[in-house]
Amino acid sequence: NPWGEPIEKREAWVRQAEVPVYGPGTEHLLFTCCTNDYDARNKQDSRAIVEVLRAAGTSFGHLGNDQRCCGDLAYTAGDTAVFEQLREANRATFDRVRAGSVLVTSPHCLHAFRSRYADPEGRRRGAGSSDGPGERRYRHVVELFAEALEAGALKPARKLARKVTYHDPCYLGRYGGVYDAPREVLAAIPGLEVEEMEHNREASLCCGGGGGGVWIETAKGERVGDLRIREALAVGAEAIVTACPFCVQMLESSILSFGLEERLKVVTVAELLAEALRPGEG
């Protein structure tokens, strides 16, 4: 994994959250990004995702330490040999456990699975809702959240009186075509005011984390994410909402560099939804 952490640490938060092991009869395999497994900040998002899935009555399980990195960073960094090793290991695991529906926490995993995990005959599997019978389906968790809200399985009642703005991750938006689902989730949260930044949806600006940028030390004032912070402040947002662990890291780094941590926060769609599903006032 790109964090260089022992595989044994991957399932630590999974055990703490009492997430069941994926097995026969489980509808969804929850595939968590390495950043969601190893980074302390993004583990909060992982726990929120689990909280929402449980509230929706969803049948899901995790692979624990049997999970491996999706290989996206290796691919974009040019290490195709490592990517192919990871792809074959994950594909074999998915086949072994007979995973039909894979829910991912990172748009980077989503893009890798949908676009780079062709089967040995070259046929692509997991292209979202267009999958045929027996095909493996890959979706970001926000897509399932939006479906659960529409079906009435999730009923957020806690009022969150805040002004936020949504940042479209490149790999979820431009690569994955997922623009409406996160906005539908935010629109369902009582009291939440959502203001779009100048650049949004297809015109959204990158946070700077893609292509391995999340691992590069960038000088203050030269971070790509700084542009998003300025746009968020321009619309008077109290928080930037996103759905990618890399975006969380990059945007929080820019906020810290500006010394704005008391004025502007970064939260995920899952974290806000989980809070709105709890009793009381926000």
Side-chain angles (χ1 to χ4, degrees), residues 13 17 30 36 39-58 103 105-107 140-169 172-173 178-201 204 207 225 228-256 258 260-282:
W13 77 267
L30 178 61
N36 281 96
D39 175 58
R41 164 62 185 90
N42 278 290
K43 285 180 185 179
Q44 297 174 33
D45 180 49
S46 300
R47 297 185 185 98
I49 288 168
V50 168
E51 186 175 346
V52 174
L53 290 175
R54 283 179 172 149
T58 305
L103 298 176
T105 62
S106 170
H140 191 282
V141 289
V142 297
E143 297 179 88
L144 183 67
F145 295 165
E147 290 177 6
L149 285 163
E150 184 178 8
L154 289 172
K155 298 178 180 180
R158 186 180 189 182
K159 186 176 180 180
L160 304 184
R162 300 169 206 168
K163 186 174 185 179
V164 304
T165 190
Y166 178 69
H167 165 74
D168 290 280
L172 188 61
V178 180
Y179 293 108
D180 294 334
R183 288 175 170 83
E184 290 168 1
V185 174
L186 297 180
I189 298 176
L192 200 67
E193 180 183 354
V194 183
E195 184 74 27
E196 293 281 5
M197 285 182 275
E198 178 183 354
H199 295 89
N200 60 77
R201 300 180 77 94
S204 178
C207 73
R228 289 309 255 171
I229 304 307
R230 295 190 182 99
E231 288 198 350
L233 292 174
V235 298
E238 301 171 50
I240 302 176
V241 188
T242 191
C244 173
F246 291 170
C247 292
V248 170
Q249 285 187 279
M250 300 303 288
L251 295 173
E252 286 192 342
S253 177
S254 287
I255 288 172
L256 286 171
F258 283 126
L260 295 170
E261 56 269 32
E262 296 301 319
R263 182 177 170 186
L264 187 63
K265 307 294 182 183
V266 179
V267 295
T268 67
V269 173
E271 288 168 346
L272 274 183
L273 181 55
E275 185 178 356
L277 289 166
R278 298 169 195 150
E281 288 289 323

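We're numbering straight along the sequence, starting at 1.
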_Side chain to side chain, Leu53 and Leu103, heavy atoms closer than 4.5 Å_ = yes

Sorted by chain and number, sequence neighbours left out, salt bridge (charged side-chain N to carboxylate O under 4.0 Å, His left out) with Arg201 holds for Asp180

task = Begin with the C-alpha distance, continue with both residues' side-chain angles, and end with the deciding distance and a verdict on side chain to side chain contact (heavy atoms under 4.5 Å, CB included) for Val185 and Leu154.
result = CA-CA 10 Å; Val185 174; Leu154 289 172; over 6 Å; no

So Pro169 and Cys207, do their side chains get closer than 4.5 Å, heavy atoms only?
no

_Heavy-atom side-chain contact between Val267 and Glu275 under 4.5 Å_ = no

Here the gap from His167 atom NE2 to Cys247 atom SG, rounded to the nearest 0.5 Å, amounts to 3.5 Å

In short, Asn200 meets Arg183 closest at the heavy-atom pair CB-NH2, 4.0 Å

Report the C-alpha separation of Gln44 and Thr268 in whole Å, then their side-chain angles, then the decisive distance to 0.1 Å, and conclude whether the side chain to side chain contact (heavy atoms under 4.5 Å, CB included) test is met.
CA-CA 9 Å; Gln44 297 174 33; Thr268 67; over 6 Å; no

Interatomic distance, CG@Leu264 vs CZ@Arg228, rounded to 0.5 Å, equals 12.0 Å

Query - pair Val52-Val141: side-chain heavy atoms closer than 4.5 Å - result: no

Closest non-hydrogen atoms of Leu186 and Leu192, given as atom of the first, atom of the second and distance, are O-CD2, 3.8 Å

Rounding to 0.5 Å, atoms CZ (Arg41) and OG (Ser46) come to a distance of 10.0 Å

Given the options Asn42, Val50, Asn36, Trp13 meets side chain to side chain contact (heavy atoms under 4.5 Å, CB included) only with Val50

Correct closest heavy-atom pair for Tyr166 and Val241 would be CD1-O, 3.2 Å

Scanning both residues in full, the closest heavy-atom pair of Pro245 with Thr105 reads CD-O, 3.8 Å

In terms of heavy-atom contacts, Glu184 and Leu149 come closest through O-CD1, 4.5 Å

How about NZ on Lys163, more than 12 heavy atoms from neighbouring residues, nucleotides or ligands closer than 6.0 Å, or not? yes

List the steps, then state whether side chain to side chain contact (heavy atoms under 4.5 Å, CB included) holds for Val248 with Asp45.
CA-CA 10 Å; Val248 170; Asp45 180 49; over 6 Å; no

>> For the CZ atom on Arg263, are there more than 12 heavy atoms of other groups (residues, nucleotides or ligands in this structure) within a distance under 6.0 Å?
In response: no

Shortest non-hydrogen pair, Asp168 vs Ser204, comes out as O-OG, 3.1 Å

CD1 (Ile240) and CD (Glu231) are apart, to the nearest 0.5 Å, by 9.5 Å

Value for CG (Leu273) from CZ (Arg158), rounded to nearest 0.5 Å, stands at 12.5 Å

### Task
Report yes or no: does Thr165 contribute a side-chain atom to a donor-acceptor pair with the main-chain N or O of Glu195 at less than 3.5 Å?
yes

Could you walk me through whether Lys265 and Glu271 pass salt bridge (Lys or Arg N to Asp or Glu O under 4.0 Å), step by step?
CA-CA 12 Å; Lys265 307 294 182 183; Glu271 288 168 346; over 6 Å; no

Report task. Give a yes or no on whether the backbone of His140 and the side-chain of Glu143 come within a donor-acceptor separation of less than 3.5 Å. Result -> yes

